[in-house]
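Scroll down for the structure; my scribbles are underneath it.
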Amino acid sequence: MLKGLIDPEFFEAFTSGEADESQHLPVYGTRDPLLGLCPSEVEEESGPAHHRLLRYLRKEVLPTTFCVGCGGGTVLNTFAHAIDEMHIDPREIVCVTGIGCSSWIPSPYFLCDTLHTTHGRAIAFACGVKVMRPDMKVIIIAGDGDLAGIGGNHLIHAARRNLDLSVFLVNNFIYGMTGGQVSPTTPFGTRTTTTPYLNLEHPFKIADVVAAAGGSYVARWTTYHVFQLMESMQNAINKKGFSFVEIISQCPVSYGKMTGTSDPVTLLKQLRDASIHVDDTDGMSEEDLEGKFVVGKLVERQRAEFGDGLRQLISERRESISAELDRGLRQDTSALETGR
Amino acid sequence: MNRPAENIELTDLYLAGLAEQEHFIQGDEAAALGAIFAGCTFFGGYPITPASEIAEVMARELPNVGGYYVQFEDELASISAVIGAAWAGARAMTATSGPGFSLMQENIGYACMTETPCVIINVQRSGPSTGQATLPAQGDVMQARWGTHGDHEIIALAPSSAQEAFDLVIRCFNLAEEYRTPVILLMDGEIGHLRERVILPDPRTVEQTQRRKAREGEDVFGGAIVPPMTEFGDGGFVHVTGSTHKEDGLRDVQTQSVHDRLVRRLVAKIEQAREEIALVDVDSEEGAEVGVLAYGATARPAKGAVLRARSEGRSVSFCRPVTIWPFPISRIQEASRGLRQLLVPEMNLGQLAREVERFVDCEVVPLSKIGGVVHSSQEIHAAIVEATDSC
Amino acid sequence: MIYIDEEFCKGCRICSEFCPTGVLGVSTTLNSKGYYPPVVEQAYECHGCRLCELLCPEFAIFIVNEWLDEQAG
Ligand SMILES: Cc1ncc(C[n+]2csc(CCOP(=O)(O)OP(=O)(O)O)c2C)c(N)n1
Ligand code: SF4
Ligand code: SF4
Ligand code: SF4
Ligand SMILES: [Mg+2]
């Protein structure tokens, strides 16, 4: 590791929670204290530099196991930038994931409490976490197969329930980890390993589904739109209620190989060129939008948050019990008088 | 979760008030109240006969003691949320019956692998599939043991009365914390819907095994046969995964020795505690050549039949395993010593009888009955008479 | 100042292809993993937009902008 760039002592202090909070400065603010030295000094001190945001990652498992040019890495990168800019202490984050390449984005790479669950169940596990720990940011990052396929039921019900979760669905149109089988978001007429004669099913526009199911904040971006995506992630995390960002992503290996090109650059250019901002779609018909990705914020609404409701209920019940006890309706509690 | 002191006080006062009332309730309701007295703080569930009453009581009582009730979209979500809640500090529980129990199996395995303390109540009904949905059975004995894939050990307790349902749920919570593992209350629909007088204890006398928390630097997934746990928000950056992992929780799914070490420890931690976990109600008779082994609802007519046979001068031993898994081997062996025949009435086609057969020296005679009807005392008595006469 | 962590780079060329001002090219030498990392070809063209930093899937390229940092500070 580059001496001075990431001070091992500070890293220790940061991860063990003893670091001075004021030393944790934003990426775009003054020079990051973790850099310690100015670049010229850095060069003199030693060889190649490491990224300052590596402090948010489990370094022992780097570099990632993602294929060359996989959008998953970009999502991880953007997510780390978003968290850094928001000054969120990673100790206050729980990342919950399912099974699939996209589920590896936070787990194991992102250094926070991570719950790597079974295929499709990430949101359900996260509900349990968030209900018990409303003070923590509970963030789910997983794939289209995981969240929209096998876990689709949890997704729509979580949107309906409106518990304060942030879901980042990495949509690469394919079951990447298992080698390129058709997924619920694979476009009609696409060749995959399990649709060798082309896909006869119609895909979900999954962000629209979540918006219809009641999500409090719903947006769609691609791995090309990193700055907008970063901002959108931040808005999702800040939004009280169920928030959802669909991140259209390239899978050069499992999807690309079946659809013409495994070149990440070409795939990313395709994502860029097929995107159209939601504000520019006025008057466009469904046919006009065929094959396009409508990006931007799709929905933002205010609804009562489920966790608040639960806590409100508890405080009401306990107040009335307390009042009842005071009125002596349950006065015969003599057994308790001996004290614990 | 740390509850503030005044919360505990108010909860105790409230529960003491409950304890002073008369309770003529179903096994389901008793089990739910048991969870409340055990300090359950999170319940996630999905309605199913004959377990719905548990959810109903939890929905009514949990807010009164500062806990959270959530009805989920299915049983997959219920068990998932329970495990998530446990890692966030909850004493968490779910309750279901056969079809829902089947749906939960993958994540029961996840709870075994991640060593997550939680309680699952299965009020057994007649299967397979929707079978006789409203009628009782004991057909999930082996599903409880082997329902999830891969090598693992599980703890399962079977109550024979509403009072025992209350008491055993508390024990389930404590075993879950002590051994960091999912624990199953393997009730049957008959006990679940059986209405009986239940006496609730002074809440302060209810033992609540506290979670052993890891100190800084201590491994959460190894280093001890039952490692200490950490919770989300503790600052330990814990990595929880159902994939094979090293002592620090990080995944290593390729190294044979890592998997071997992990899974053997998970099995050993229950195995080595077999005697401690074993609860067996033994009523042996000196010189008896015939014995009856029964559990759950079946134990009630079985005990009645044994007493009647004894009153007729027949010498019959009786034994009721309360702990079903891990199978209380030595206690059952002891109880069956000297017997020539051991009758095992159960509401399935011989699931536990087969397990008993593996460990006892005498002949094991399954008295299977399916179709949603509990054995009558007469049926079992007739079998005892036949067995003792042929001796 | 553009930093390139050659050993983390997997040579996907996203950074060099998407840099709006053509600052980056591709190295002619392999890193130890057998990938061609990017090289800075026209450093003076870089306006510190950080697109390369955010797009990189491997945390292998990043910008330290002293001037911007000082302005912000
Ligand atoms: C219950 C279950 N069924 C199937 C699998 C196999 N499986 C693993 S990953 C995966 C697909 C993941 O697809 P997606 O969520 O889109 O993630 P990606 O790899 O594309 O990022 C499947 C089907 C599993 N692990 N568990
Ligand atoms: S298979 Fe696809 S999604 Fe998975 S790591 Fe490779 S490129 Fe990424
Ligand atoms: S910061 Fe912007 S201009 Fe500079 S190299 Fe990166 S992409 Fe190019
Ligand atoms: S984007 Fe990153 S991984 Fe890809 S070539 Fe550039 S530095 Fe290397
Ligand atoms: Mg996918």
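First the proteins, then the strands, lettered A, B, ... as listed; each starts at 1. Model, not experiment: these values are computed from the prediction.
Judged as a ring-ring contact (aromatic ring centres under 6.0 Å, His included), not a single pair has a partner in residues 141-161 of chain A (not counting sequence neighbours). The salt bridge (Lys or Arg N to Asp or Glu O under 4.0 Å) pairs that include a residue from residues 97-125 of chain A number zero, where partners must be two or more places apart or lie in different chains.
Taken from OG in B/Ser80 to CZ in B/Phe72, the straight-line distance is 8.5 Å, to the nearest 0.5 Å.
Annotation: maximal heavy-atom pairing with chain A below 4.5 Å, among B/Ile83, B/Ile79, B/Val82, occurs at B/Ile83. Taking B/Gly236, B/Gly109, B/Gly233, B/Ser243 one by one and counting their heavy-atom pairs under 4.5 Å with chain A, the maximum is reached by B/Gly233. For chain A, the option among B/Asn107, B/Thr241, B/Asp74, B/Val238 with the highest count of heavy-atom pairs below 4.5 Å is B/Val238.
Using cut-offs of 30° and 60° for the angle between ring planes, the A/Trp104 and A/Tyr109 rings count as tilted.
Of the N and O atoms on the side chains of B/Asp202 and B/Thr205, not one donor lies less than 3.5 Å from an acceptor on the other residue. Side-chain N/O atoms of A/Arg58 and B/His239 include no donor and acceptor closer than 3.5 Å.
Of the two parts of B/Tyr110, only the side chain, counted from C-beta on, holds a non-hydrogen atom closer than 4.5 Å to a non-hydrogen atom of chain A. For A/Val94, the part sitting under 4.5 Å from any heavy atom of chain B is the side chain, from C-beta outward, and nothing else. Only the side chain of A/Glu60 comes within contact range of chain B, with at least one heavy atom under 4.5 Å from a heavy atom of that chain. For B/Glu61, no part lies near chain A; criterion is any non-hydrogen pair under 4.5 Å.
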